[in-house]
Amino acid sequence: MSQFETLERITAEHYATDEELQFLLTYTESFNLRKATYQVLQSLETQIVQETYDKLVQAHPEVFQVKGQEFSTKWKVDTTRVLRYIAAAVLLDDGESLRNRFLLWFQTLMKAFGVRRNCYLTYEVLKAVLQNNLMANQYRLIEPFLEMTQEVLGGTLEEFKAD
């Protein structure tokens, strides 16, 4: 949508050039794959979240204990919400809106609760789960959004190695 917003803004000044309209061609060429990926995420949402949860319980059960409180239910709600926002970003090819309208706000909450490491681990496992559940071309489409989500919400591996 941000590319459409940019197009809308320049309309007052001039007609869009071929270069400024290129994003439409790229988007329309990839729309069927984007839509299919969105639909797969929609149909497998519960399975993906549960599989991610199960793998985290085995490898990092501490993710579900936050300040001495059980966090599994909240984790599932939050992970589902993030997955839906990622799916919408894939469909619309709009990482900028994902980052600016959702992730930066959500990052504030994750920092406040002190769960950035938990987020890093969650999205590391989620990437593997999605790679196993999506076709390769679908995963390539979603991967940049996953990487962005992991970095914004969870930081980087280097940050946790330093701790």
Side-chain angles (χ1 to χ4, degrees), residues 1-56 74-112 115-159:
M1 295 304 284
S2 9
Q3 292 173 329
F4 286 102
E5 290 168 355
T6 299
L7 179 60
E8 185 178 24
R9 275 186 249 123
I10 67 167
T11 299
E13 300 168 15
H14 64 274
Y15 282 94
T17 65
D18 287 346
E19 184 178 290
E20 291 167 328
L21 294 172
Q22 181 60 41
F23 80 93
L24 287 170
L25 181 60
T26 304
Y27 181 76
T28 55
E29 288 174 348
S30 67
F31 179 74
N32 288 334
L33 177 59
R34 290 179 182 289
K35 181 181 173 195
T37 304
Y38 179 88
Q39 290 171 326
V40 167
L41 292 171
Q42 179 182 28
S43 67
L44 296 178
E45 175 185 87
T46 303
Q47 175 188 326
I48 289 167
V49 172
Q50 187 62 48
E51 192 175 328
T52 303
Y53 174 82
D54 292 343
K55 289 181 183 287
L56 277 168
K74 179 73 170 129
W75 178 93
K76 286 182 180 182
V77 169
D78 289 347
T79 302
T80 299
R81 177 181 298 129
V82 172
L83 187 58
R84 288 177 183 171
Y85 272 91
I86 290 171
V90 167
L91 180 64
L92 299 173
D93 190 18
D94 192 2
E96 186 176 326
S97 289
L98 173 66
R99 175 186 289 277
N100 295 335
R101 294 185 182 166
F102 176 68
L103 292 177
L104 292 176
W105 166 78
F106 204 56
Q107 176 192 60
T108 303
L109 297 175
M110 298 302 100
K111 282 182 176 179
V115 293
R116 285 190 47 121
R117 181 177 182 277
N118 296 5
C119 289
Y120 178 86
L121 294 170
T122 293
Y123 297 106
E124 192 68 18
V125 172
L126 181 61
K127 286 189 290 187
V129 168
L130 285 168
Q131 194 164 25
N132 289 334
N133 283 282
L134 299 175
M135 294 186 309
N137 59 347
Q138 292 172 327
Y139 185 76
R140 280 192 301 275
L141 195 60
I142 196 173
E143 187 176 27
F145 300 104
L146 291 167
E147 293 289 339
M148 177 194 314
T149 299
Q150 183 178 31
E151 186 175 318
V152 171
L153 298 182
T156 64
L157 180 60
E158 289 73 33
E159 290 177 54

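Counting begins at 1 with the first residue of the sequence. When reading the values below, keep in mind they use all heavy atoms of this one structure, side chains included, and skip hydrogens, waters and symmetry mates.
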Self-check item: D18 atom CG, over 12 foreign heavy atoms within 6.0 Å
Solution: no
Quiz item: Among M135, Q42, Q138, which residue meets the side-chain contact (heavy atoms from CB on, under 4.5 Å) test with T37?
Solution: Q138
Exercise. Check the surroundings of atom CD in E124: do more than 12 heavy atoms from other residues, nucleotides or ligands lie under 6.0 Å from it?
Key: yes
Self-check item: Minimal non-hydrogen separation, V129 against I48, with atom names
Solution: CG1-O, 3.9 Å
Quiz item: How far apart are the closest heavy atoms of V82 and F106, and which atoms are they?
Solution: CG2-CE2, 3.7 Å
Quiz item: So with a 6.0 Å cut-off around CD of E147, is the heavy-atom count from everything else above 12?
Solution: yes
Quiz prompt | Residues that F31 engages under ring-ring contact (aromatic ring centres under 6.0 Å, His included), provided they are two or more places apart | solution = Y27
Self-check item: Positive for side-chain contact (heavy atoms from CB on, under 4.5 Å) with V125, one of D54, T52, L130
Solution: T52
Exercise. Give me the one residue out of L91, N133, I142 that meets side-chain contact (heavy atoms from CB on, under 4.5 Å) with L41.
Key: I142
Quiz item: Considering the options K111, Q107, M148, which one meets the side-chain contact (heavy atoms from CB on, under 4.5 Å) requirement together with L153?
Solution: Q107
Practice problem: Would you indicate whether the side-chain heavy atoms of F23 and D93 approach each other to under 4.5 Å? | Solution: no
Quiz item: L104 versus N100: any side-chain heavy-atom pair under 4.5 Å?
Solution: yes
Quiz prompt | ring-ring contact (aromatic ring centres under 6.0 Å, His included): pairs with one or both residues in residues 77-100, sequence neighbours excluded | solution = Y85-F102
Quiz prompt | Side-chain donor/acceptor of E20 to backbone N/O of T17, under 3.5 Å | solution = yes
Practice problem: Start with the C-alpha distance between E143 and Q131, add both sets of side-chain angles, then the distance that settles side-chain contact (heavy atoms from CB on, under 4.5 Å), and finish with yes or no. | Solution: CA-CA 9 Å; E143 187 176 27; Q131 194 164 25; 6.0 Å; no
Quiz item: Hey, are the side chains of E151 and Y123 touching, using non-hydrogen atoms and a 4.5 Å cut-off?
Solution: no
Quiz prompt | Partner residues of Y53 under the ring-ring contact (aromatic ring centres under 6.0 Å, His included) criterion, sequence neighbours left out | solution = F64, W75
Quiz item: Crowded around Y38 OH? As in, over 12 foreign heavy atoms under 6.0 Å?
Solution: no
Quiz item: Near K55 NZ, under 6.0 Å, is it more than 12 heavy atoms from other residues, nucleotides or ligands?
Solution: no
